[in-house]
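Everything on this sheet refers to the single structure shown next.
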Amino acid sequence: QVHVKESGGDLVQAGGSLRLSCAASGIIFNIDFMGWYRQAPGKQRELVATTSTTGSTNYADSVKGRFTISRDDAKNMAYLQMSSLKPEDTAVYYCQTTGLSPGSDGAMERFDSWGQGTVVTVSS
């Protein structure tokens, strides 16, 4: 089983910064995709930023220029550096990771794991 855990959420003032961390644990052969998503109260979950092993990244228009996604494959971790935070950034932030891990029969199986989220609250 591959488990994902987010951390770093906090209460910050508008204009401040936060760095979220996403740790994937378990026996992992490789991770091919990691992404950050968020869900504000009463709204749908939305993509924030994604990264692949090719180095490609994708950002929501609302966070371009303010957020940066990065990854450390040696540690099975991803990060989201958030700057110039706005009240509208307030949400529960989730990390998703996909890749391959050994199954119970020893064969590689694809996994798609989500964390439970970390709360980011930006006050005005």
Heavy-atom side-chain proximity of [X] to [Y] below 4.5 angstrom:
X: Leu20; Y: Met82; result: yes
X: Val122; Y: Lys86; result: no
X: Phe111; Y: Ile31; result: yes
X: Met108; Y: Pro102; result: yes
X: Trp36; Y: Cys95; result: yes

Check whether any side-chain N or O of [X] sits under 3.5 Å from a backbone N or O of [Y] as a donor-acceptor pair, and report yes or no.
X: Glu6; Y: Gln116; result: yes
X: Ser113; Y: Val2; result: yes
X: Asp105; Y: Ala107; result: yes
X: Thr118; Y: Tyr93; result: no

Shared ILVMFWY cluster between [X] and [Y], side chains joined below 4.5 angstrom?
X: Tyr94; Y: Phe67; result: no
X: Val119; Y: Val12; result: no
X: Val63; Y: Leu18; result: yes

Open item on the list: Tell me if the CD atom of Glu88 is crowded by more than 12 foreign heavy atoms within 6.0 Å.
Closed with: yes

Distance (rounded to the nearest 0.5 Å) between [X] [atom1] and [Y] [atom2]:
X: Thr97; Y: Phe33; atom1: OG1; atom2: CZ; result: 8.5 Å
X: Asn76; Y: Asn30; atom1: CG; atom2: CG; result: 9.5 Å
X: Thr121; Y: Leu11; atom1: OG1; atom2: CG; result: 6.0 Å

Open item on the list: If we check side-chain contact (heavy atoms from CB on, under 4.5 Å) with Cys22, which of these qualifies: Met77, Lys5, Met34?
Closed with: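 That would be Met34.
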
Task: Residue pairs involving residues 40-54 (criterion salt bridge (Lys or Arg N to Asp or Glu O under 4.0 Å); sequence neighbours excluded) - done: Arg38-Glu46

Open item on the list: I need the minimum non-hydrogen distance between Pro87 and Ala14, along with the two atoms involved.
Closed with: CD-CB, 4.1 Å

Open item on the list: Can you give me the closest heavy-atom contact between Ala24 and Ile28, atom names plus distance?
Closed with: CB-CD1, 3.9 Å

- [ ] Report the residues that fulfil ring pair (Phe, Tyr, Trp, His ring centres under 6.0 Å) with Tyr59, sequence neighbours left out, ordered by chain and then residue number.
- [x] none

Open item on the list: For Tyr37 and Trp114, I'd like to know if the aromatic rings sit close, meaning centre-to-centre distance below 6.0 Å.
Closed with: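 Yes - the distance between ring centres of Tyr37 and Trp114 falls below the 6.0 Å cut-off.
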
TODO: List the steps and the verdict of side-chain contact (heavy atoms from CB on, under 4.5 Å) for Asp112 and Gln96.
DONE: CA-CA 7 Å; Asp112 182 353; Gln96 180 197 24; 2.9 Å; yes

TODO: Would you tell me whether Asp32 and Thr53 have side-chain atoms, one donor and one acceptor, within less than 3.5 Å of each other?
DONE: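 Their side chains do not contain a donor-acceptor pair, so the 3.5 Å distance test is not met.
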
TODO: Please collect all side-chain hydrogen bond (donor to acceptor under 3.5 Å, both in side chains) contacts where either partner lies in residues 66-75, sequence neighbours excluded, each pair once.
DONE: Arg66-Asp89, Arg71-Asp73

